Amino acid sequence: MGSISLQSDYQHWQQLRQGSPSALEAIYDKFFPELFRYGLQLVSDRSLVQDTLQDFFVELYTNAAQLSEVQQVRAYLYVCFRRKLLLRQKSVAFTPESQPLDFSPSPEHQLILQQLGEQQMNRLKEALLNLTDRQREAIFLRYYQDMGYEEIAEVLSLKKVKYARTLMYRTIAELRQHMTKHASSLTLYSTLFFISNRNTYYK
Amino acid sequence: MDDQNYTVEDLVTDPSFVRWVKGSDPQAQVFWENWKKQHPEKSTELQEARQLVVALYSFNKSNVAEANPQEINNSKNYIQRKILDQSAKSAKPRPARQLIPLTYLRAAVVTLLIASGLIFWWINSASNQLIYQTGYGETKSITLPDQSVVTLNANSSLRTVEIWQDDQPREVWLTGEAYFEVNHLAESHDKRFIVHTEVIDVQVLGTKFNLRQRRNQAEVVLAEGLVSVNHSEDKNYQETQTLRPGDRLRSQDKQLIISQVDTEKYSSWRNNRLYFEEQTLTEIAERLQDNYGLEVTFEESALAELEFTGSCPTDNLPLLYEALSVSLDLDIQQRDNSLLIRKSQK
């Protein structure tokens, strides 16, 4: 996935380093929305995110000549923007404000969520709250922003790509543990509920 | 990895598996549908992994907030304004002067003398103006001191000074029509490139655009990059307009009006093609007069309002006459430099 888009990110980056305003525009059009979304996961102040992001793009252009050659343009943008946002807002935590589910998943996904069941969903939500900020951020980057492990490693300043993979593996294991731990101390009602769905939950 | 030992965690952390669940990758689809068939014993793990991926995606989805189109647009305008402002100021300040030891004074005096000679020569030659001109039906390509290339269309002229200074904006004065391919300069220079015309001034970073100024009207069509435009009289840049690629700006009376166009067509003359799109015969006649010095007369004034779409090579006007005659049922006769257009006599 994305080998074409990666290549053109790289090309735009090279052009930007030579001071091309249209390359900046291409990068802006592609990354502004997702960086904005990412920023809002880090801090809740919407205008702070917008202001920081604006200045970030202006600086990208004015410092174009000093920009280094990077292969992972997307991850690089995330890292720099994150740092800038961190400087402006002293406490950055990956604890997005929880909102009610007001979106509609695709019919297929809806079906899968139904199979998972409301109780398990709530347990999973609870488990997510028990994770560290870093783990939650990794999950956001991986499952929502579709980032690969190379990019995640860079954004989270992990020295090796495999650390990102390990972090994710451990996180998923923790989530599952939390879900089954609670499942074992269930009331009769929910036990019955689970028996009726047991092939879904137990090996 | 050994398929037999695939755990739920393995599946959930596999990017290709995630893409399959999200349905975003046909290749992953083929692989995992196949895998599912070959490993019926793993159906429980598969099921659980799938639920987890969907749940994780959905939870995040319910938490994200997006930038709205207005925010995206406002920020973009802000950034473009800032960039133009800063590039105007980006000429590097000269390094601060240092104290010179007395022993070097003599050398300094000599250097000063030579330098002042140089400066004198520089100022002198800088005031030397360069003027490029084209006649009717002629185009010319000019390379400026900064290696920017200007292609002059017919019956046009471009004026500039012979030597450009690093800390000054590059300035040229145009009458007529030209296509600009402006070089982007290094950090230490004043990056502005300004094209002055009678009606408007165009301020540029590195970019490609077509500029036409005829009959007290001007038109800028931007192919690449970023330019800002203001009325020549608006010296304080009160009402500056910023153009994006694909934009066409026209000056109409005192207003600057922007629309979106196919930029290629506006610079087609560089490839020796005249191009008209839903243009009135009046506009075409003006073009013929501007570029070829032809005087066009309409037998009936109503004819001038007819519209035409089409193109022809710039050196084959008879073909244009033929196309006009056939499509609009006209009779066109040329005698020397005058052209008579009337209804078909058949």
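Numbers restart at 1 for each chain; the letters A, B, ... are given by sequence-line order, proteins then strands. Every value quoted in this text rests on a predicted model; they were computed, and no experiment measured them. Heavy-atom basis, side chains included; hydrogens, waters and symmetry copies ignored.
With sequence neighbours excluded, no residue forms a ring pair (Phe, Tyr, Trp, His ring centres under 6.0 Å) with B:Y179. Remark: A:F31 engages no residue in a ring pair (Phe, Tyr, Trp, His ring centres under 6.0 Å) (not counting sequence neighbours).
Rounded to the nearest 0.5 Å, atoms CG (B:L56) and CG (A:L124) are 5.5 Å apart. Atoms CZ and CG, from B:F59 and A:L128 in turn, are 6.5 Å apart once rounded to the nearest 0.5 Å. Annotation: the span from A:L175 atom CG to B:E9 atom CD amounts to 9.5 Å, rounded to 0.5 Å. Between the CD atom of B:Q51 and the CD atom of A:Q120 there is a distance of 8.5 Å, given to the nearest 0.5 Å. Rounding to the nearest 0.5 Å places CG of A:L116 at 8.5 Å from CD of B:E48. Rounded to the nearest 0.5 Å, atoms CD (A:Q41) and CG (B:N60) are 6.5 Å apart.
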Take B:K76 and A:D29 through the test side chain to side chain contact (heavy atoms under 4.5 Å, CB included) and record every step on the way to the result.
-> CA-CA 9 Å; B:K76 195 167 184 171; A:D29 288 341; 2.7 Å; yes
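Taking 4.5 Å as the limit, every side-chain heavy atom of A:T62 sits out of range of all side-chain heavy atoms of B:K82. The closest side-chain heavy-atom distance from B:V64 to A:L40 is not below 4.5 Å. At a threshold of 4.5 Å between non-hydrogen side-chain atoms, the residues B:S58 and A:M121 do not count as touching. Side-chain contact between B:I72 and A:F36: absent, with no pair of heavy atoms (C-beta onward) separated by less than 4.5 Å.
Although no hydrogens or angles enter the test, the distance criterion places no donor-acceptor pair under 3.5 Å between the side chain of A:Y143 and the main chain of B:L52.
Contact count against chain B (heavy-atom pairs under 4.5 Å) is highest for A:G19 among A:G19, A:S22, A:P33. When each of B:V53, B:L226, B:V12 is scored by its heavy-atom pairs under 4.5 Å with chain A, the top score falls to B:V12.
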Give every donor-acceptor pair under 3.5 Å between a side-chain atom in residues 160-169 of chain A and any protein atom, sequence neighbours left out.
from	atom 1	to	atom 2	distance (Å)
A:T166	OG1	A:K162	O	2.6
A:Y169	OH	B:T7	OG1	3.2

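Within 6.0 Å of CD on B:E33 lie more than 12 heavy atoms contributed by other residues, nucleotides or ligands. The number of heavy atoms from other shown groups lying within 6.0 Å of CD (B:E66) is above 12.
Within residues 52-60 of chain A, the residues having any heavy atom under 4.5 Å from a heavy atom of chain B are, by residue number, A:Q54, A:D55, A:F57, A:V58.
Residue A:D51 does not touch chain B at all, counting heavy-atom pairs closer than 4.5 Å. Interface remark: A:Q18 contributes backbone atoms only to the contact with chain B (heavy atom separation under 4.5 Å). With a threshold of 4.5 angstrom between heavy atoms, A:Y144 approaches chain B through its backbone and through its side chain.
Residue B:A65 comes nearest to A:R46 through the heavy atom pair CB-NH1, 4.1 Å, listed as atom of the first residue, atom of the second, then distance.
Using cut-offs of 30° and 60° for the angle between ring planes, the B:Y57 and A:H109 rings count as perpendicular.
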